[in-house]
Structures are given as C-alpha cells and as structure tokens.
Amino acid sequence: MARSLSLNRQCLGLMTRIECSVRPLTGDNGLWTLLFAAGMAGEQPSALKAQGPFHGPLAAEAVLEAIVDSLTLHGYSLSDDPQMWAVHLQRQLRAQHHGLRII
C-alpha cells in the first residue's frame, strides 16, 4: 500500500475527501504515525487527525490498510488526484513532534 493516498466520496452532490499519510516521527527512534486530513474537496480541510505512534512503517501501513478497507465499505473510493492538503499534514506532523494537538 502507498504511504500517501486520497479517498473521495460523493454524497448529495458534494464531494468529501480524506487524505492519509504514513510518516516517520523525528529522532530515529523507529516510530511512525498516520496523519489524516478530511473535508470538502476544493476547500481547506475541516479536520486533521493523527494516529499512533507505531513501531515501524509496516505497522502503520497495516493500520492504514484496515482504515481504507473500512472507508471503502462506507462509499469512499481511492483517488488518483494529487494530495491537496500536504502542507496541513506536515503541520500536523510538526505538532505531533512537539507534543501539541491541532484541531
């Protein structure tokens, strides 16, 4: 599975989007995190979340795969569109490095 991906779902004429990314935490400690941005396509994300830390990229990717499987059961589909919210995900990662919580 890719370490960064996007999912879309159309409902009542609106396109919702979720972007996911698996990233290492700083410090060469082998810890990785999952980052999520969600919102309406073409707008700023309305939610930023992080999950983890995980011991190694394979553990984080396994959780991401399970989340994607669940989202596809709820009508989301993988998108080939480039990530729009990479800067927001990077900000969430930096906040996690500093022990902050971004809403």
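Worth knowing before you read on, the calculation uses all heavy atoms, side chains too, and leaves out hydrogens, waters and symmetry mates.
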TODO: Would you tell me whether H88 and E19 have side-chain atoms, one donor and one acceptor, within less than 3.5 Å of each other?
DONE: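 No, because no side-chain N or O of H88 sits under 3.5 Å from a partner of the opposite role on E19.
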Task: Polar side chain donor-acceptor pair, D81 to S6, under 3.5 angstrom - done: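 No, because no side-chain N or O of D81 sits under 3.5 Å from a partner of the opposite role on S6.
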Task: Where P24 and L93 come nearest, the two heavy atoms and their spacing - done: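 Residues P24 and L93, closest heavy atoms: O-CD1, 4.0 Å.
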Open item on the list: Donor-acceptor check, side chain of T16 to backbone of R9, threshold 3.5 angstrom: yes or no?
Closed with: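 At least one qualifying donor-acceptor pair exists.
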TODO: Give a yes or no answer on whether the side chain of Q83 reaches the backbone of C20 with a donor-acceptor pair at less than 3.5 Å.
DONE: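 Such a contact is found between Q83 side chain and C20 backbone.
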[atom2] on [Y] to [atom1] on [X], rounded to 0.5 Å:
X	Y	atom1	atom2	answer
M84	L89	CE	CG	11.0 Å
M15	E43	CE	CD	13.0 Å
H55	N29	NE2	CG	9.0 Å
L7	F36	CG	CZ	9.5 Å
W32	E61	CH2	CD	7.5 Å
L34	S21	CG	OG	8.5 Å

- [ ] Say whether V22 and F54 are linked into one hydrophobic cluster, either directly or through other cluster members, by side-chain heavy-atom distances under 4.5 angstrom.
- [x]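 Linked within one cluster.
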Open item on the list: Do V63 and L5 land in one hydrophobic cluster if side-chain heavy atoms of ILVMFWY residues count as linked below 4.5 Å?
Closed with: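 Yes, V63 and L5 fall within the same hydrophobic cluster.
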Task: Derivation and outcome, side-chain contact (heavy atoms from CB on, under 4.5 Å), residues T33 and Q51 - done: CA-CA 6 Å; T33 189; Q51 192 170 354; 5.7 Å; no
Does [X] reach the side chain of [Y], with side-chain heavy atoms less than 4.5 Å apart?
X	Y	value
R17	M40	no
P53	L25	yes
D69	E65	yes

Open item on the list: Assess the residue pair R23 and R3 against the criterion (side-chain contact (heavy atoms from CB on, under 4.5 Å)); give the C-alpha distance rounded to whole Å, side-chain angles, the decisive distance to 0.1 Å, and a yes or no.
Closed with: CA-CA 8 Å; R23 299 279 192 80; R3 288 197 178 157; over 6 Å; no
